[in-house]
Every structure is written in structure tokens, then in C-alpha cells.
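First up is the structure itself, then whatever we jot down about it.
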2 protein chains.
Amino acid sequence: MNGPEIPGVVIHRLPMYARALALLQAEGRDVISSLELGQELGVTPAQIRKDLSYFGRFGKQGRGYNVQQLIDRLRSILGLDREWRLALVGVGRLGQAILGYGGFSPQGFKVIRAFDSDPDQIGQILDGVRVESVANLEQSLRETPVDIGIVAVPAASALHVIDVLVASGVHSILNYAPIVNRAPPGVHLRQIDPVLELQSMTYYLKQRENETDTPAID
Amino acid sequence: MNGPEIPGVVIHRLPMYARALALLQAEGRDVISSLELGQELGVTPAQIRKDLSYFGRFGKQGRGYNVQQLIDRLRSILGLDREWRLALVGVGRLGQAILGYGGFSPQGFKVIRAFDSDPDQIGQILDGVRVESVANLEQSLRETPVDIGIVAVPAASALHVIDVLVASGVHSILNYAPIVNRAPPGVHLRQIDPVLELQSMTYYLKQRENETDTPAID
DNA sequence: GTATGTGAACTCTTTCACAGCC
DNA sequence: GGCTGTGAAAGAGTTCACATAC
């Protein structure tokens, strides 16, 4: 029944394609070739065609892709043609920034529950969401399930919160805490980790400096 | 003069190794094998050994790696043994969460400048950093350079801000705005993009649902 | 005995290049 | 003529397996 397994790298590129296409559409574009889309994204046209070929044949030879149609197909493939319910754990500064961020909702990601351990926060309504006690997390999520959990608590409690989310039936988690990623089997855990990004960027910064300091001796 | 080019994937894994090692050290561990470190991280021991072998020979056969020594070597390779100065552009909710985040400073990443376009914010002092007008960005950064720029402005202005940062001599940028990534040549641009993460997570969520809905017919 | 470091084998991913179609 | 879709080739990255060292 299953088609061939589709590489994870391919899945990861599709949302970018969808985003670029939406932009092009907003500019009034209604047909585009893999070459142009590739230039837009800094990606080879062959890669775009190969990626899309995993899912079907969406283009017209000699012409390119219909922008609207391709957006629709990508959104359907990725499951972006419906709403997904999220629960946020941790409403500190970061959690509040997440709640207030206007970029999730238009993409169909609705944060419908929020949890915290701070008694001063519990009961507050932040951006239309009532903050519940994290002590009720499991029971509360069993009553009203969500599709995805967002973890925005300090590193020290993140592993515990992730365990509780999993126990509550949440298998897809977006984690902002800087922990060592140890997803239990069957759990889809993604990290948002600016420190890790910075810590690999510095390698290249250092390289650049070294190049400048010691000009190559030919 | 240059050694062989080291794959980017390898560089990206090193900060995780360093983080796991720091944790192990805090637990009092002072020697570790690639097997154990791999179990900690969910990575094969061969991968760890191969990754490290790009940079030298840090272990002792029959014994493993000295935790402290390996941390020091990794930090030196990545350039984490010094301070890096950052400039933040955009002090809205997200920008303020970034300024207030306690996780950068202990790792040597100091946000020393902040910029915004909102007249109500300009002149304010947030977490010890005076907010300057984004109109002065280029001049200000030319006077007091930084190593890395952080972009936390709305998507509509992000491309412009990135251009100005580059013009100001900042070639390493961590961008939080959901844009189509088009780094000018020679610029090291990294995206922090939770929406993109969610949009690929849903593919797997959908898969899981389909599997559950239609049990396989053997 | 035990675990590293590393060529060789393997697997995954990207790119090429062209037949087929518009 | 122009661009897609796709096998085949090339290139990257990972894992194996073992000689080597402690």
C-alpha cells in the first residue's frame, strides 16, 4: 500500500517551495519554471523537479508549473490544507512571544492551550488563551487533545515536560529549550536552538578571520 | 595551506557534542567512549569518531576520550573560547525575548547593540542595552563593529535589514523572520523558522493518521 | 581486553543529460 | 523551441570492520 519512502530532506524543502510560490503568486505570477523557482530559492532546477517527482507530475512540458495548482498540491501533500491545534508549555518571555506571534495562525497553526508552573501566570488570559497549571497538563490534554506541543520552558524542566507531553498522547513536539535531543521512539521532536546555530556559525567566522590574518603563500 | 574542506554537517554536529559533554562533566564523568557519547546523543559511535578525526586524534585506544580535554578541543575548534559581539535588529516581543534570554551570555554571545524603528522604543534601555534607531544602523555598526547580526523584524522589512547589515560589514546573520532565504554571496545566513519546522512536521502527522485510519491489508 | 582512528564499502542525495511532450 | 520528468552517473555522507595502540 505504501508508496516508496520519501527522503526527509525532500519533505523539509517543500515548505520553502510553498512559501516562495505564495510570494510569486502575490506578485501576480501564475506560471513558473523550475529554473526560475530555483533562482528564487537558491536551489538547482533539477532538485526541484526531482523533489516534485516523488509526488506526481505537476508541470507541463515546455511551459512550467501553474503556480496556484502547485501551491495547492504542496499544501495538500504537507497537510497544510487544514488546521492544527497546538499546546504551548511555558509562558515566560519566550512563550509570550510565541503566543503573540502572528505568523502561526495564518498558516493554520492555532495555539489553543497554554500551560505554566508559575502561580502568577495560571488563570491569566494571554492572547486569548487561558494559562492552565502544568500540573494538569496530562489530564487536560487527554480531555482535549492537540496535534503538536510547543516546549518553551527552561532547559532544566524541558525533558520532564517532553515526557509528560508524550504520556499525554502528543507525539509531535517543537522544543525551544537547549537540551540534548533524546526523543523517545515514535516521537517526532524538532529543536529550535539559536545557540546551536550560533555555535556552528562561529566556526566559519573564525575561518574567515584566519584567512584574512594569514594571506595564502603561493 | 588549507586542510581538506570539512563537511558542513560535521561542523553542525560539534556543538551538540560539546553540549552533551558539558552535561556529562557536570555529572562528574571524566572519561567517555564514543559508544556512550553516541548513546547519549542518539548517534552512532562511528560517526562521532569519524567527525572528530577531521580535526585530530583526541582519544586513547582502549580507554576513550578525556571529557575535559575533548570539550576544550571542541570549543577551540568552534571558536567558543572567546566572546562574540552581537547586534539585535528589532525589539518587538520576539526581540525582547531574545534580549532577555539568559542562554546566550554564558556561551560567550553578548548582545551589545539593539536597533528598532519604533520611536517609542528608541532610547529605551532593555536588559542593559540602549535601543538605537535603525536609521543609524550602518553608521553605528561601522563605528563599533559586531561579529553577528540577529534579525527579529517583521518579514516585510527583513530583506532590507539584512542588506543593510551586510553593507555595514556584518557577514554572519541569524534571521528569525520567515522569508525566502536569499543570502548574498559571502554572507552566512541562518534561519530560525518555527513555521517551516511545523510545516514539515505535519507531513509526518498526516502519514501517521493515514496509517491508523487504514490498517494495512496483508 | 577494550576502544580509537581510518580506509573501504555502502547508502543516500544531488546533478546530469536527454527522451518525451507541450 | 522550451521545459518537464526521470533513469543513470556522480558526489556526499555514513557505517563497517579491523589494524593499531593503550
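Numbers restart at 1 for each chain; the letters A, B, ... are given by sequence-line order, proteins then strands. Source: prediction; values computed, not measured.
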Practice problem: Kindly determine whether A:Glu40 and B:Arg182 satisfy salt bridge (charged side-chain N to carboxylate O under 4.0 Å, His left out), including the steps that lead there. | Solution: CA-CA 8 Å; A:Glu40 204 63 29; B:Arg182 293 273 278 118; 5.1 Å; no
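Regarding A:Leu70, its CG atom lies at a distance of 12 Å from the C1' atom of D:dT4, rounded to whole Å. Rounded to a whole Å, the OH atom of B:Tyr54 is 11 Å from the P atom of D:dA12. Remark: P of D:dG1 and CG of A:Leu35 are 18 Å apart, rounded to the nearest angstrom. A straight line from CZ of A:Arg63 to P of C:dC22 spans 13 Å, rounded to a whole angstrom. Regarding B:Glu5, its CD atom lies at a distance of 11 Å from the P atom of D:dG13, rounded to whole Å. Taking atom CD1 on A:Ile11 and atom P on C:dC12, their separation rounds to 16 Å, with Å as the unit. Between A:Leu52 atom CG and C:dT13 atom P there is a gap of 17 Å when expressed in whole angstrom units. What separates CZ of B:Phe58 from P of C:dG5 is a distance of 8 Å, to the nearest Å.
Side chain of B:Gln47, nearest nucleotide from D:dT15, D:dT4, C:dT14: D:dT15. Closest to the side chain of A:Ala46, from the set C:dT15, C:dT4, D:dT4, is C:dT15. Of all nucleotides listed (D:dG5, C:dG5, D:dT15), C:dG5 comes nearest to the side chain of B:Tyr65.
In the interface, the side chain of B:Lys50 is paired with the base of C:dG7 through a donor and an acceptor atom under 3.5 Å apart. Remark: the B:Gln61 side chain and the D:dT20 base include a donor-acceptor N/O pair separated by less than 3.5 Å.
Checking the phosphate oxygens (OP1, OP2) of D:dT4, a side-chain nitrogen or oxygen of A:Ser34 falls inside 4.0 Å. Look at B:Arg49 and you'll find a side-chain N or O under 4.0 angstrom from OP1 or OP2 of C:dT4. Close to D:dT20, at under 4.0 Å from its OP1 or OP2, lies no side-chain N or O of B:Arg57. Phosphate contact (OP1/OP2 of D:dT15, side-chain N/O of B:Thr44, threshold under 4.0 Å): present. For A:Arg13, a side-chain nitrogen or oxygen approaches OP1 or OP2 of C:dT14 to under 4.0 Å.
Side-chain atoms of A:Thr144 and A:Arg85 include no donor-acceptor pair closer than 3.5 Å. For the 3.5 Å distance criterion, the side chains of A:Arg142 and A:Ser168 fail to qualify, holding no donor opposite an acceptor. Between B:Gln68 and B:Asp72, the side chains place a donor N or O and an acceptor N or O closer than 3.5 Å (distance only, hydrogens not considered).
Both A:Val9 and B:Gly64 sit near DNA chain C, but only B:Gly64 has its closest nucleotide nearer the 5' end.
Within 4.0 Å of A:Pro45, counting heavy atoms only, lies no atom of the nucleic acid at all.
A:Tyr101 approaches B:Pro178 most closely through the heavy-atom pair OH-CG, 3.4 Å.
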